[in-house]
Amino acid sequence: MRLDSISRLLASRTIGRGAYALTGIVGFALKYNLDRFVAATVFHRPWGWLSYWVSPAGAVHINQLSRADAQFLSFMLLTAIPFIWLGVVLTVRRLRAARMPVWLVALFFAPVLNLAFFAMLSLVPSADEREINPQPQRRSQRWLDNIMPDSALASAVAAVVLTVLAGAAIAVFATVLLRTYGWGLFVALPFCLGLTSVLLYGYRRPRKYSECVWVSSMSVLLLGGALLAISLEGLICLAMALPIALPLAILGGTVGYGLQHRPSTQAPATASALIVILLAPTLAAIERIIKPPSPVLAVRTSVEIDAPPGIVWHHVVSFAQLPEPREWLFRSGIAYPIRAEIEGRGVGAVRHCVFSTGAFEEPIQIWNEPHLLKFAVTANPPPMQEWTPYRAAQPPHLHGFLVSQAGQFLLEPLAGGRTRLEGTTWYQHHLWPASYWSQWSDYIIHRIHLRVLEHVKQLAESSLARGGE
């Protein structure tokens, strides 16, 4: 597209769907290749298209960035400002042309959701385009005319049932066939379900916002119930996914509420159905092919013990049976440590930390008695036992999606014959968005650490009280 054509687009207050789609595709191609060139030539780093969603610095949180990583990402953000300005201006003009609420431009900045938003704006006709050149009713619209009832309750039921069926099929495709738990499943799918359910609900006439929120919420809640019923997920994992899935479904429903006030809701309903059918499984397939690298995360927990390192060390290397847990987390099915055993002594010995779901196998790498015990992890048991109405539900994410890589115990002597005992676990999880799921995994591992460290503290202090036995 020539510069004079772009100038005319920016000068106008509206833009057609074809010009918007072409400008967006060309603009992304230019930006992607510019980013690749800058990353390779200036910073000597790789850059892929998933780098816009998955940090190429390998950090999940901003405070984990090194100085070099922060400088790299700051420079990349600086070069993106002209493209962001262009995208926002054209998106506002496209929203005006389609007579949609201008506040929807906020979706331009939402990762993954902006793909669905761009596709929708590229498919939905402009208002004057429909008025000047009315389109004949399409086959998909005739199909919806036949199945969508007129009453509010019946249309809500039909909308939710249709979206739940589509969502369950996509979830099975992503998790069972592709074995991916990523942006397509946890971000694109709930948003598109909420959007589509509301547009189907408002297919006959505009509905109230409260009703749209209810319909969009029920679409994702009943999808969770369907996944539980077909033994694809357990109750605990569904509860963990709810804080991200439910707001996204409501956001999609809010967008659908804004769209239904256009002169015709049939075109956006059809376009949105295409999005929910194509975007989530397509993104899941891309994630399966590309397999974005998972960062190695670290969780550190420490306690102070009223006993010297020499006594604490013996209870770190191995410890007897722990009492049954009282914490709600472990009673809900999350795996918890029971005891630790060791075969041999020194480097090369193998420690077995027995959990409620199996045993971690931990070959010793550093044996610096009584200061540092470091080990690799070569076998991981399932991270939890699912709450399910079935005897043995085994969703794919229980195997190979949360993996401990290594661990260590660091014993630091303190004044007064006391010891600071710090436990560290290095692990990976293959769930996206990583920044969301790491909140859960960090918390769970921290609670596991505390269970072990508090037990070691009790054993060491009791041993000292008995005379250092």
Side-chain angles (χ1 to χ4, degrees), residues 147-149 152-202 207 210-254 256 272-273 275-277 279-281 284 328-329 331-334 382-398 401 431-433 436-437 440:
I147 66 170
M148 291 306 299
L153 179 59
S155 60
V157 171
V160 170
V161 168
L162 287 174
T163 51
V164 167
L165 290 176
I170 293 171
V172 170
F173 173 76
T175 60
V176 177
L177 298 181
L178 299 182
R179 298 181 67 85
T180 60
Y181 289 80
W183 292 90
L185 183 67
F186 293 118
V187 177
L189 181 57
F191 174 82
C192 290
L193 288 181
L195 172 62
T196 302
S197 62
V198 167
L199 287 176
L200 292 176
Y201 175 54
R207 309 290 184 177
S210 58
E211 297 173 353
C212 293
V213 169
W214 182 84
V215 167
S216 60
S217 300
M218 290 305 297
S219 68
V220 74
L221 291 174
L222 291 182
L223 174 61
L227 298 180
L228 180 66
I230 63 177
S231 190
L232 189 64
E233 279 297 345
L235 187 60
I236 301 303
C237 289
L238 291 173
M240 290 180 180
L242 188 63
I244 186 174
L246 185 58
L248 286 170
I250 294 175
L251 177 60
T254 302
S272 177
I275 293 171
V276 75
I277 291 172
L279 176 64
W328 67 267
L329 183 71
R331 295 175 71 88
S332 69
I334 301 297
M384 65 183 303
Q385 292 177 332
E386 288 281 12
W387 274 18
T388 172
Y390 303 97
R391 181 179 297 273
Q394 292 294 324
H397 66 76
L398 291 186
F401 280 84
L431 307 173
W432 303 95
Y436 173 77
W437 288 105
W440 286 103

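Nearest approach of Ala171 to Leu227, heavy atoms of both residues: CB-CD2, 3.9 Å. Across Leu185 and Leu189, no two heavy atoms sit closer than the pair O-CB, 3.4 Å. When all heavy atoms of Ala280 and Ile170 are compared, the closest pair comes out as CB-CG2, 3.9 Å. The nearest pair of heavy atoms linking Ser332 to Ile236 is O-CG1, 3.5 Å. Here the closest heavy-atom approach between residue Cys212 and residue Val198 is recorded as O-CG2, 3.3 Å. The heavy-atom pair separating Pro433 from Val187 by the smallest distance is CG-CG2, 3.8 Å.
Side-chain contact check for Ser155 versus Leu200: every heavy-atom pair is 4.5 Å or farther apart. Counting heavy atoms from C-beta on, the side chains of Met218 and Ser197 never come closer than 4.5 Å. Residues Tyr181 and Phe401 are in side-chain contact: their nearest non-hydrogen atoms beyond the backbone lie under 4.5 Å apart. Side-chain atoms of Pro383 and Ile334, non-hydrogen and from C-beta on, never get closer than 4.5 Å to each other.
In this model, a donor atom of one side chain and an acceptor atom of the other lie less than 3.5 Å apart for Trp440 and Tyr436.
Side chain of Thr180 to backbone of Ala174: a donor-acceptor contact under 3.5 angstrom is found.
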Test side chain to side chain contact (heavy atoms under 4.5 Å, CB included) on Ser216 and Leu193 and set out the steps. CA-CA 7 Å; Ser216 60; Leu193 288 181; over 6 Å; no

Show, in sequence, the C-alpha distance, side-chain angles and deciding distance for Leu238 and Glu233, and conclude whether the side chain to side chain contact (heavy atoms under 4.5 Å, CB included) test is met. CA-CA 7 Å; Leu238 291 173; Glu233 279 297 345; 3.8 Å; yes

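Annotation: side chain to side chain donor-acceptor pair (under 3.5 Å) contacts of Ser217 (sequence neighbours excluded): none. Annotation: ring-ring contact (aromatic ring centres under 6.0 Å, His included) contacts of Phe186 (sequence neighbours excluded): Trp437.
In this structure, the separation between CG on Leu162 and OG on Ser219 is 11.5 Å, given to the nearest 0.5 Å. In this structure, CH2 in Trp183 is found 12.5 Å from CG in Leu431, a value given to the nearest 0.5 Å. With rounding to the nearest 0.5 angstrom, the CZ atom of Phe173 is 4.0 Å from the CG atom of Leu178. Note: Leu222 CG to Leu165 CG = 11.0 Å, rounded to the nearest 0.5 Å.
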Side-chain polar contacts of residues 240-248 - donor-acceptor pairs under 3.5 angstrom, sequence neighbours left out - could you list them?
none

